Structures are given as C-alpha cells and as structure tokens.
Amino acid sequence: MTDSLISSAYSQALEVIASVEPRIAEATRQELADQRASLKLIASENYASPAVLMTMGTWFSDKYAEGTVGHRFYAGCQNVDTVESLAAEHARELFGAPYAYVQPHSGIDANLVAFWSILANKVESPYLQKMQAKNVNELSEADWETLRHEFGNQRLLGMSLDAGGHLTHGFRPNISGKMFHQQQYGTDPETGLLDYDAVAAKAREFKPLVLVAGYSAYPRRVNFAKMREIADEVGAVLMVDMAHFAGLVAGKVFTGEENPVPYAHITTTTTHKSLRGPRGGMVLAQEEFAADVDRGCPMVLGGPLSHVMAAKAVAFAEARTTEFQDYAQRIADNAKSLADGFLTRGANLVTGGTDNHLVLLDVSSFGLTGRQAESALLDAGVVTNRNSVPSDPNGAWYTSGVRLGTPALTTRGFGHDEFDTVAELIVDVLSNTEAGTTKAGGPSKASYVLGDGVADRVTKRSAEMLDKHPLYPGLVLS
Ligand code: DSN
C-alpha cells in the first residue's frame, strides 16, 4: 500500500469522524502526534501496521457471532466464519499448534478461557457428564452444589507478581487467586532467576491442578521443557502465558525448549505486544482441550469482536514473513543493547541483564520509587511503566522498578546505538531527580523534583532519534 493511499484514507476517515464528533477526531490526531514525539518503552505496547489498524475499522464490528465457526447462536455469520477460520488457521501454522481459539478480547480473557477449559476438562463432576451428554436441564440442585464445590476446590501454582508473573497467575486479589486455592513461586533471592528445583519442590508439596508459566516482567527466557517435566511429575496441566513474548516465538527467536507451544497443554497470549497485531487475546491448545476452549464464548466471553479477529488474521499473515523474524531478532538484540547501556552507567537491573524483550531497572539506587521515576521520565518524554521488583519494599502501587521494553521502538527502526542513547537519557533523568516530600514535610513515595533543564535536553536528544525513525513514515494527515 502506498503512503499516499494511507494518508488519504486516514485523512478522510478523520473528516468523517469530525463531522459527527470533532473532539474525537482531534484526540485521534493528537494521539498520533504524541506517540510520534515520545520514546515508547512500555514493554507490552507496539505499533500495529496500517493494514492491521484499518482492518479493525469496518462493519464486521456490527455483527454478533456468539458460538464458534459453523455453530453460532445468530444467523448470518458466514463472513465471520471465514474470518475466524482464517485467523485460527494462520495462528495454528504460525505457532505449530494443533488448535487455536482467536476470540478472546484480551490476555486476561484468554487466561479465563484457559482456566475454564482446564476445569471443565479435568474435574470429574456429574455436571460435566450431563453437559457433555447435553442434559444440563437434568441437573439437580445437588449436582450444581457438587460442581461449585469441585470447581472451587482446585489448586493453581503460578509465578508471583513481584517476581514477574501476571495478576492472573494466582495473585490473591485477582479472580485467579479467588477461583483457585493458590500458591506462588518466586525467583532466586540472590540472582533473581527462576529456580526450577524450587518450583518443582513447591509443586510436589502443593500438587496443583494448574501450573502456570510465563511472565509480564521477568527479563529472562524460560525453559518450558523443564516446566512441563514438573507439571507431569505432579499430574498438573501446564498453562503458559506467552503474552509478552509471543512475537519472539512467532519470529523464531525462542525455539526448542524456549518455545512453550509444544510443551504446554494450553498456551495463552495477547496479540498486540511483541506480536504487533490488534489488541486482543488468543488460546492455543492441545487437542484434548479444544472442545472446552471452543465453548469459551458464551461460557466465559461475550460475543467475539469479528473486526478484531479479522485484524488478527492480517497480523498473523505479517508475522509469518522473514521480515518479521528479522524484527523479532532485533527486539532481543536491542534489549541487550539497552541493558548494556544501563550496566555500563552503573544502574542496577533485576537479574543483571536480559535475554528477552525487556529490562527491569531497579531505581532504588537513585533514591526513587518506581512511581517517582516513571513520572520524571514522562516529563522528559520517556513513556515507561513502574513495576515491582522481587520482594519489593514499596509494594505494587509505588514499586521500586521501571519496566522497559524494546518492541515498539524496534518497530520504528531504533538499533544498537539508539538504545544505548536511550539508556544514557534515562540515567540522566533519574540521576537528576530527587524524591519529594509530603505536604506534612515527610518523605513522599510519589512526589519528585526534576532538575532544571533536564527535560528539555533529554527531549531534544530524543527528538533527534525519533525524527530519524518516524512513526508511520509517509502518513501525512491533511
Ligand atoms: N498490561 C499487560 C502488561 O503491561 O504487561 C499485562 O496485563
């Protein structure tokens, strides 16, 4: 697609929007301008292609399609069937998965579908036998009570939030920590690395039904063969949440034992992070779980977003190219450059480095909380998110870390030298930020004072790099 086509398509679309609600058209223009002008380092964000973005803006948005391909609760789903089948087919091929479910609206939804399907598949219950025989109406009150008891009494073991796991991996306040009896595994207190022997010991003692692997803020690769061995030893289902690194799997950077798909019973993901598709989720599964995952909508999810499933198909088509594989490799190479840039300037990184797409910077040596660091960086046009570090003394709200990822700026074309400069700029901001005080004069975990002139000099250096690597080059809005 040529630049002029994209420019005129978006310019005209914004005119149509402006004719109804000009403030939304204006906010949309401003969002592009802001994204173009900032260093986006949020590890879970990216820039989808114009083809992916445009696919989401169509009349597929208007169609209800609860159910699954060829088995809908609404008439007139023939084109949605085409879209969903194609997206699932691309996903199966891309990841080498026996089965793909492309309906989840987000990663959390995908995880809920996975939990549902594991419970439905593994828990012995009269409800399930009758449901499978399509005799749900025959369930007695006692059957339902048994089901509630059995579903509610299962165990899940996942990585703790402060070690890098996700809220849905059994964090107590999250629904996953309430629907299961849960325990969490952490990382080695000295190295910050996963200790497979410790995970195995915990699994042997706790005997979970579900062992969850995968992470949102762990800067290292995981050996999924070892995780599967642990799951098999204790009779657990291995569920892997690869939301953060799906692009590195699709791009064949994570292969062999670092590719979760052949080892996990169920793999979940988002489609918009390193995979660079539309916002959404997906479940990949071994055949034994397929029928239950397929009941995700309407058992767990609302109606599928057909326009987003269409965009997933487009994104998966992009991800099967050699260009995408090159992109995925550059994500990992750039993360190393970023990490080295910090280490040579004396900053502390959780685990001492990275071998995936993210680094976790411990900002306590700058005398700051994660919240203060995140805010000061934003003042200088560097967009990050604060994040807990293992055993974080500042908890999950203020935190002691900042998580930084390379997928988005790698899409813009940043390379080794630019990521080294990004580390330099971040260290400049943090070294010149002081923790503030509360109104009462005590130490504050939120307020901060950024030194004079720092934001200006960092923004200027960033702009030089951003101008060299424009976002959506050729897209000019009239
Ligand atoms: N919000 C995603 C992330 O930033 O990692 C996960 O929920």
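Just so it is clear, the structure is predicted and the values come from calculations on it, not from any experiment. Atoms within a ligand are numbered from 1 in the order they appear, just like the ligands themselves.
In terms of protein heavy-atom proximity, atom 1 (N) of ligand 1 is nearest to Ser44 OG, 4.5 Å.
Annotation: cation-pi pair Lys202/Tyr185 absent, no NZ/CZ under 6.0 Å from the ring centroid and within 45° of its normal. Both tests hold for Arg276 against Tyr327: distance to the six-membered ring centre under 6.0 Å, angle to the ring axis within 45°.
In the vicinity of His166, heavy-atom distances shorter than 4.0 Å reach the ligand 1 atoms 6 (C), 7 (O). Counting the atoms of ligand 1 from 1 in the order shown, those under 4.0 Å from a heavy atom of His244 are 3 (C), 5 (O). Using a 4.0 Å cut-off to heavy atoms of Arg403, the atoms of ligand 1 that qualify are 3 (C), 4 (O), 5 (O).
For Asp232, the salt bridge (charged side-chain N to carboxylate O under 4.0 Å, His left out) partners two or more places apart in sequence, or in a different chain, are Arg228.
The closest approach between any non-hydrogen atom of Lys273 and ligand 1 is below 4.0 Å.
Using modelled atom types, one finds no donor on one side chain facing an acceptor on the other under 3.5 Å when comparing Glu424 with Thr421. Side chains of Gln325 and Gln329: a donor-acceptor N/O pair is absent below 3.5 angstrom, by distance only.
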